[in-house]
K.L.:
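Following this message is one structure expressed as structure tokens.
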2 protein chains.
Amino acid sequence: MAWTATNSEGYEAPAALAADVVVLTVRDARLEALTIDREDGTRALPGGFVQRHESPEQTARRVLGDKTGLDAVYLEQLATFAAPTRDPRGWIPSIAYISLVPPATQPSDPNARWTSARGRHPLAFDHRAILRHALDRLEGKLWWSNVAVGILPRTFTLSQAREVYEAIANTTYDPPTFARDLRTTGLITPTGSKRTAGPGRPASLYRFHAKKPQWGAGHRKRITG
Amino acid sequence: MAWTATNSEGYEAPAALAADVVVLTVRDARLEALTIDREDGTRALPGGFVQRHESPEQTARRVLGDKTGLDAVYLEQLATFAAPTRDPRGWIPSIAYISLVPPATQPSDPNARWTSARGRHPLAFDHRAILRHALDRLEGKLWWSNVAVGILPRTFTLSQAREVYEAIANTTYDPPTFARDLRTTGLITPTGSKRTAGPGRPASLYRFHAKKPQWGAGHRKRITG
DNA sequence: TAAATAGTGTCTATTAGACAATATTAG
DNA sequence: CTAATATTGTCTAATAGACACTATTTA
């Protein structure tokens, strides 16, 4: 049976309010999304219902904690999907979020798994459209924000950063040019130490100035504040 | 009394779902937003409740039609505001939209009026935050999309376009440079005719290629499709 | 030594900002 | 003619893309 709800004024109300999260990371140079295996065999994005007296962002963080064990991660509202028939259970709008987590994150929920973000896996509900929307948003913000903070470790080499940027942008960058351009964003600073891993010259380590979401120097065609 | 709703599963559900619209235009080189005078003397953004079997976008268009008489306008989802206490009437999340309309638009609702978008007028609920969010979004998209289509007439001079761009970006542009840069976006084409208005050399008329929302050539630091 | 990875330097094309100079109208 | 607006052209600075070359490590 479909869920329904009626408010105290006598009008039909949404049966519930959902918060779904597109959890992304970069593993082995591939952009991956966290998906949940459902009982009916289909897959879906992690999500949950917004409780009364809870903001949707809190719901998203709660879901993230349940599925990954993480608590302090990059989280940004994406868009709300509210077509009246999007959920077969009833009138359930969903507020979608994007979250970026470190690649070492292991799902704490046994039904959660990493899936290629650009693969062609079918997803339940309208989650495929939500995922697509998330990728578009992320690509657009990549160079104009410090979103990569969420995925990279606290200190990182320019090669590690490049791998993350390439996976998100789905392209390749010339290493010297990438290093120059990332440095001129003003978002990162060298830590002074180096990292040796196998053969090759040791790489300098960097960190982001701000751990919090922040816009970069951005466009030339600037808006006066 | 506060509105409440309970769903068929026994859980508290949102009392209603709202759709609020930030309707913007440029009049006399100023960015203005449509506001509604409420019975209690406060002002608010135009909005309404989403009906069952209606998408929030349809709600937004319905509200727009009621307040302005317009039907085919630029409309884009902005974000959802759903703090549990945002509406004193109860748990009522609001999906906010941005709409851009021609400057000649006269409110058809007697309580609707144009207000300076960057003024300091207080607004009911969290509508001040919604408006601020809308301005930020619009500034960010200005040069990377054809949003100005919604405000400019079907054919327009580069001076008219410049006035709109300057009002949105809250800055001034060098006229020759503005003309060059808008032309190189590839979004507009000359119609061949000219417009004479008062003294001065007649201006060439242009129109946008696409009437529909569309992204421009955009960033150099390009993402491969 | 060779292989591998990191980093510097440079050249060119594009884009942006500023502004001089010219063009075309009304009055 | 003068005032006003539109448009063309040019100069410079910043940014982006490509790539040659040097540096530092492991094996």
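In what follows, chains carry the letters A, B, and so on, assigned in the order in which the sequence lines appear, proteins first and then strands, with residues in each chain numbered from 1.
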K.L.:
Whether the side chain of B/Arg180 and the base of C/dG17 hold a donor-acceptor pair under 3.5 Å is what I'd like checked.
P.N.:
yes

K.L.:
Starting at OH of A/Tyr165 and ending at C1' of D/dG17, how long is that distance when rounded to a whole Å?
P.N.:
18 Å

K.L.:
Once you round it to whole Å, what is the distance between C1' of C/dT15 and CG of B/Leu182?
P.N.:
15 Å

K.L.:
When we call it a touch if two heavy atoms are under 4.0 Å apart, what does B/Ser204 touch: a base, just sugar-phosphate, or nothing?
P.N.:
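If one applies the 4.0 Å heavy-atom cut-off, B/Ser204 turns out to touch the sugar-phosphate alone, with no base involved.
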
K.L.:
Answer with yes or no whether A/Thr177 presents, from its side chain, a donor or acceptor under 3.5 Å of a partner atom in the base of D/dA16.
P.N.:
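Answer no: no donor N or O sits under 3.5 Å from an acceptor.
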
K.L.:
Please figure out whether A/Ala179 or B/Asp174 has its closest DNA chain C nucleotide nearer the 5' end.
P.N.:
A/Ala179

K.L.:
Let's see if you can work this out: which of D/dA6, C/dC19, D/dC19 has an atom nearest to the side-chain heavy atoms of B/Pro176?
P.N.:
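The listed nucleotide nearest to B/Pro176's side chain is C/dC19.
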
K.L.:
Is B/Ser159 near enough to D/dT5 that one of its side-chain N or O atoms lies under 4.0 angstrom from OP1 or OP2?
P.N.:
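So the side-chain polar atoms of B/Ser159 never come under 4.0 Å of the phosphate oxygens OP1 or OP2 of D/dT5.
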
K.L.:
When you check the gap from the basic side-chain N to the acidic O, do B/Glu139 and B/Arg118 get nearer than 4.0 Å?
P.N.:
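Looking at B/Glu139 and B/Arg118, the cut-off is met.
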
K.L.:
Taking OP1 and OP2 of D/dT8, is either one under 4.0 Å from a side-chain nitrogen or oxygen of B/Arg183?
P.N.:
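B/Arg183 to D/dT8 OP1/OP2: side-chain N or O found under 4.0 Å.
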
K.L.:
Write down the distance between OH (B/Tyr173) and P (C/dG17), rounded to a whole number of angstrom.
P.N.:
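My rounded result for the distance is 8 Å.
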
K.L.:
I need the CG-P distance between A/Asp181 and D/dT15, as an integer number of Å.
P.N.:
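That distance rounds to 10 Å.
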
K.L.:
Could you tell me how far apart B/Arg195 (CZ) and C/dT25 (C1') are, to the nearest whole angstrom?
P.N.:
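B/Arg195 atom CZ is separated from C/dT25 atom C1' by 13 Å.
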
K.L.:
Can you find a heavy atom in the side chain of B/His121 that is under 4.5 Å from one in the side chain of B/Ser116?
P.N.:
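They are in contact (side-chain heavy atoms under 4.5 Å apart), so the answer is yes.
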
K.L.:
Would you say A/Thr59 and A/Glu54 are linked by a side-chain donor-acceptor pair, where the criterion is simply a distance under 3.5 Å?
P.N.:
yes

K.L.:
Listing time: all N or O pairs from protein to nucleotides 25-27 of chain D that are below 3.5 Å?
P.N.:
| from | atom 1 | to | atom 2 | distance (Å) |
| --- | --- | --- | --- | --- |
| D/dT25 | O2 | A/Gly200 | N | 2.8 |

K.L.:
Whole angstroms only, please: what is the CD-P distance between B/Glu163 and D/dA6?
P.N.:
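Distance check: B/Glu163 CD to D/dA6 P gives 11 Å.
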
K.L.:
After noting the C-alpha distance and the side-chain angles of A/Thr42 and A/Leu123, does the key distance pass the side chain to side chain contact (heavy atoms under 4.5 Å, CB included) rule?
P.N.:
CA-CA 7 Å; A/Thr42 62; A/Leu123 290 175; over 6 Å; no

K.L.:
Check this for me, if you would: do B/Asp71 and B/Arg61 make a salt bridge, where the nitrogen-to-carboxylate-oxygen distance has to be below 4.0 angstrom?
P.N.:
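Looking at B/Arg61 together with B/Asp71, the answer is no, because their closest N to O distance does not fall below 4.0 Å.
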
K.L.:
In this structure, how many angstroms lie between the P atom of C/dG9 and the CZ atom of A/Phe178, rounded?
P.N.:
20 Å

K.L.:
For A/Arg113, I'd like to know if atom CZ has over 12 heavy atoms of other residues, nucleotides or ligands within 6.0 Å.
P.N.:
no

K.L.:
Please report the distance, rounded to the nearest Å, between CG in A/Leu158 and C1' in C/dT5.
P.N.:
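Atom CG in A/Leu158 sits about 13 Å away from atom C1' in C/dT5.
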
K.L.:
Where does the angle between the aromatic ring planes of A/Phe208 and A/Phe156 fall among parallel (under 30°), tilted (30 to 60°) and perpendicular (over 60°)?
P.N.:
tilted

